[in-house]
Amino acid sequence: MISELEIMLMICLIVLAFITVQTQKLRRSAVYLGAFSLLCSFAYLSYNAPDVAIAEAVIGCTLSTILLLIAMKKYHVITIFYVQDEAGDPAAIKKERRELTTSLERFLLDRGFEPQTISTDLDDRELCENECFNLLIMHEKNDITIYSSGIRYIAPDVQEYIVGHKPPHLNVSFYCVNERAPGGETYDE
Amino acid sequence: MNNSPIVKTTAKILIPFIIVFGLYVIINGADSVGGGFQGGAVLASAFIVRWMVSPDEDIDIRYMKAAERVLLLALFLTGMLLLGRSMAMPYMTGRVWMVAVNLLIGIKVACGLTIIFYRFVFFESR
């Protein structure tokens with residue numbers, strides 16, 4: 001006899017598996033996979049296999065999720081910091097900014113990169129010292145200033161894309177900061 | 001994630017609990033849920049949490065590799081220890097033997113998974 005709990009678990013598992021495959025961003029996909037593993041271990045538990053459930057919870061949820069996330073970090077995640085002060089801006093400008101960010105993300109996704117956008121109101125000097133960005137976009141009134149760091153292989157394309165797709169009344173200035181990439185230190189044995 | 005005081009404090013509190021839970025799963029594996037492999041995986045996750053707090057390369061993997069080999073040998077020897085006996089051994093001998101084997105398996109699995117993790121994090125690059 002199948003209980004209602006099991007039916008719910010099974011439906012959730014199928015939905016999560018589907019979301020995992022269909023999500024656009026790899027990073028979210030990894031997190032969904034972790035949730036899938038956790039529900040899977042509940043399913044094992046409901047079939048009276050607690051041993052397998054513990055192993056699945058530890059390995060599927062912790063180890064493999066973290067390994068996948070690190071692998072993505074080592075591959076090409078591009079961290080975009082978006083510096084802005086939202087207070088007092090009209091809604092039209094906000095919408096414009098959102099569109100710019102979204103189209104930039106889509107551009108990077110098409111190229112096979114993994115964009116990660118962080119909106120912040122921190123001081124840009126502080127961010128520069130921490131060297132934790134790939135793209136730093138500063139948006140003040142009608143001026144956009146972009147710093148790129150550690151992505152020399154794609155920076156010209158990004159510049160071209162932004163200049164080509166920006167709203168016409170904005171001024172874009174683009175600088176390359178040649179520092180090392182975040183987390184990009186490589187060790188050789 | 002780097003240098004976040006929230007993560008640091010939480011992990012410092014969490015790590016002893018993870019280790020105790022791992023040892024509990026290993027030692028109690030003979031007569032309840034768990035066993036060497038599961039407990040070892042839990043112990044390895046303590047090392048992963050430790051890496052999240054301080055991502056420095058200050059663990060020497062070579063010692064772990066050596067420890068893993070020695071533990072495998074010890075595991076074989078422990079298995080052979082009771083080879084000739086019949087199954088009707090005294091109760092306490094069986095218990096001690098079982099816990100010992102589980103402990104060896106657990107520590108070996110923890111070493112192995114930690115080696116995999118640290119090697120992947122520090123040495124494999126794009």
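Reminder, nothing fancy here: chain letters follow the sequence lines and each chain counts from 1. Quick caveat: nothing in here was measured; it's all calculated off a predicted structure.
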Return yes when atom CG of Leu77(B) has more than 12 non-hydrogen atoms of other residues, nucleotides or ligands closer than 6.0 Å, and no otherwise.
-> yes

Considering residues, nucleotides and ligands other than Met98(B), do more than 12 of their heavy atoms fall under 6.0 Å from its CE?
-> no

Within a reach of under 6.0 Å around CZ of Phe47(B), are more than 12 heavy atoms found that belong to other residues, nucleotides or ligands?
-> no

Scored by heavy-atom pairs under 4.5 Å with chain A, the best of Ile116(B), Leu113(B), Val33(B), Val42(B) is Val33(B)

Taking all non-hydrogen atoms of both residues into account, name the closest pair between Val52(A) and Gln38(B) and its distance.
-> N-NE2, 4.4 Å

Crowded around Phe107(A) CZ? As in, over 12 foreign heavy atoms under 6.0 Å?
-> yes

Heavy-atom side-chain proximity of Asp51(A) to Phe37(B) below 4.5 angstrom | no

Per-residue contact mode, Leu67(A) against chain B (heavy atom under 4.5 angstrom) | both

